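Have a look at the structure below before the remarks.
Since this is a predicted model, take the numbers as computed values, not measurements.
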Amino acid sequence: MNQASEVNEAVNREPLGIIDTDVHQSPKRKQDLLPYLPKVWHEQYVTYGSGVANLFPTPIGVSRKDATPDGGGPAGSDPHFMLKHHVEHYGIDYAILTGGSEASFALHPDLDYASAVIRAYNDHTVENWLTVDPRFKGSIAVNVSDPEEAVKEIERLGDHPDMVQIIVCSGVRAPYGQRFYHPIYEAAERYGLPIAFHPGTEGKMYPPTPVGYPTRYMEWHNMIPLTFMAHVNSLVCEGVFEKFPGLKFVGIEGGIAWLPHLMWRMDKNYKALRSQTPWLKRLPSEYIKEHIRLTTQPIEEPERPGEFLQILQMIDAEKTVMYSSDYPHWDFDNPKVVLPPMPRELKARILAGTAAELYGLTLKKTGKAEVNR
């Protein structure tokens with residue numbers, strides 16, 4: 001083997017960086033949130049929580065059984081155990097914390113209560129997670145049903161060096177392209193923060209599909225991409241990315257394989273119906289590739305893995321797809337084995353490169369965190 005071949009072989013053996021873009025943290029118990037919540041809301045929160053019913057419980061539980069912390073409490077409630085069990089075990093450079101039940105509060109009819117609880121969750125994350133280890137990076141939860149309060153929360157925490165995005169629920173009252181949400185987008189763009197939407201609230205206010213309610217959890221889970229398609233379609237067609245050219249959106253836990261179909265359909269219809277969207281200056285697919293990012297979990301697994309690689313090529317996955325594990329949930333994806341065979345450069349982009357650019361993070365061989373934002 002010549003010297004150049006030896007160098008290439010060494011590079012190929014070198015571990016790739018990993019940024020996990022969907023890691024769920026939570027308080028150990030409801031009472032842990034009370035120090036951050038105005039007293040007027042204590043009894044309501046402890047007794048009723050979000051007040052929004054879960055119509056589709058999973059028969060196998062939400063979390064992995066082995067993710068229960070050594071000291072007890074729910075999976076994802078102990079930052080030190082998470083570091084040992086997940087971050088260090090898999091050699092993860094950064095874990096982007098995406099929270100849990102706080103998203104449901106955006107659907108509560110009492111906007112003041114909802115915003116207060118969401119603020120408390122954010123403060124709990126800052127004090128109990130972001131101070132523990134620099135590999136933890138947080139998401140600012142906001143109440144999308146109250147844009148004025150959402151903007152205040154972005155302004156309150158937007159300069160925090162370890163808060164790297166804004167997170168909202170995906171099952172909401174109206175598609176995210178509508179101008180009702182635009183004050184939130186102006187603030188997000190001003191602070192240089194992407195906005196992530198995550199499933200969990202589908203069916204808690206309106207039917208989770210256009211044809212009504214499914215019967216059980218499996219059906220509900222299969223149809224989550226419908227919500228993501230609706231939001232991406234709305235964001236592009238309503239001209240959000242013309243009005244906010246610096247804004248990025250992250251669709252977490254909604255799959256990937258649906259995106260080529262949506263892009264093709266939108267491009268085709270735009271050619272005939274562009275008079276309805278005169279503000280668009282490019283094909284819808286071009287806006288999507290520039291402004292939309294998707295995460296891998298739950299990654300599609302066709303019988304012939306090469307077909308999924310074709311899908312990745314169709315959507316320019318080197319700049320649109322980011323790895324996520326969904327730790328500590330039951331459908332967790334191991335970063336070491338989840339991706340099908342692919343070029344090393346593409347794998348490196350999906351595992352860490354695109355996320356590092358989006359969140360302003362620097363990958364260092366020491367694994368230590370460094371923020372470049």
May I ask you to say whether [X] pairs ionically with [Y], meaning some side-chain N is under 4.0 Å from a carboxylate O?
X	Y	result
Lys152	Glu155	no
Glu88	Arg135	yes
Glu345	Arg349	no
Lys281	Glu286	no

Phe228 and Phe197: ring-ring contact (aromatic ring centres under 6.0 Å, His included), yes or no, with the steps?
-> CA-CA 9 Å; Phe228 284 62; Phe197 50 93; 5.0 Å; yes
Ring centroids only, cut at 6.0 angstrom: are [X] and [Y] within range, meaning strictly under it?
X	Y	value
His221	Trp330	yes
His182	Phe244	yes
Phe249	His231	no

Should [X] and [Y] be regarded as members of a common hydrophobic cluster, given that ILVMFWY residues are connected when their side-chain heavy atoms come within less than 4.5 Å of each other, either directly or indirectly?
X	Y	answer
Val142	Tyr113	no
Val52	Met205	yes
Met223	Trp258	no

Is it the case that over 12 heavy atoms from other parts of the model lie below 6.0 angstrom from the [atom1] atom of [X]?
X	atom1	answer
Arg265	CZ	no
Lys30	NZ	yes
Tyr48	OH	no
Arg173	CZ	yes

When the ring planes of Tyr327 and His85 are compared, do they come out parallel, tilted or perpendicular, using 30° and 60° as the limits?
->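 Taking His85 first and then Tyr327, their aromatic rings sit tilted (interplane angle of 30° to 60°).
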Ignoring hydrogens and angles, write down the donor-acceptor pairs under 3.5 Å from the side chains of residues 62-77, residues two or more places apart or on other chains.
from, atom 1, to, atom 2, distance (Å)
Arg64, NE, Asp66, OD1, 3.0
Arg64, NH2, Asp66, OD1, 3.3
Arg64, NH2, Asp66, OD2, 2.8
Thr68, OG1, Lys65, O, 3.3
Asp70, OD2, Lys84, NZ, 2.7
Ser77, OG, Pro74, O, 2.6

Find out whether the Lys NZ or Arg CZ of Arg282 is both under 6.0 angstrom from the six-membered ring centre of Tyr287 and within 45° of the ring's axis.
->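 Checked: cation-pi criterion met.
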Hydrogens and angles aside, do [X] and [Y] bring a side-chain donor and acceptor to less than 3.5 Å of each other?
X	Y	result
Glu153	Asn122	yes
Ser325	Gln297	no
Thr125	Gln25	yes

After noting the C-alpha distance and the side-chain angles of Glu149 and Arg119, does the key distance pass the salt bridge (charged side-chain N to carboxylate O under 4.0 Å, His left out) rule?
-> CA-CA 10 Å; Glu149 285 301 311; Arg119 280 195 301 270; 3.3 Å; yes
Verify, without hydrogens or angle tests, whether Tyr323 (side chain) and Val338 (backbone) share a donor-acceptor contact under 3.5 angstrom.
->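 No, Tyr323 side chain to Val338 backbone: no donor-acceptor pair under 3.5 Å.
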Roughly how far, to the nearest 0.5 Å, is the CG atom of Asp20 from the OG1 atom of Thr98?
->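 One gets 8.5 Å once the value is rounded to the nearest 0.5 Å.
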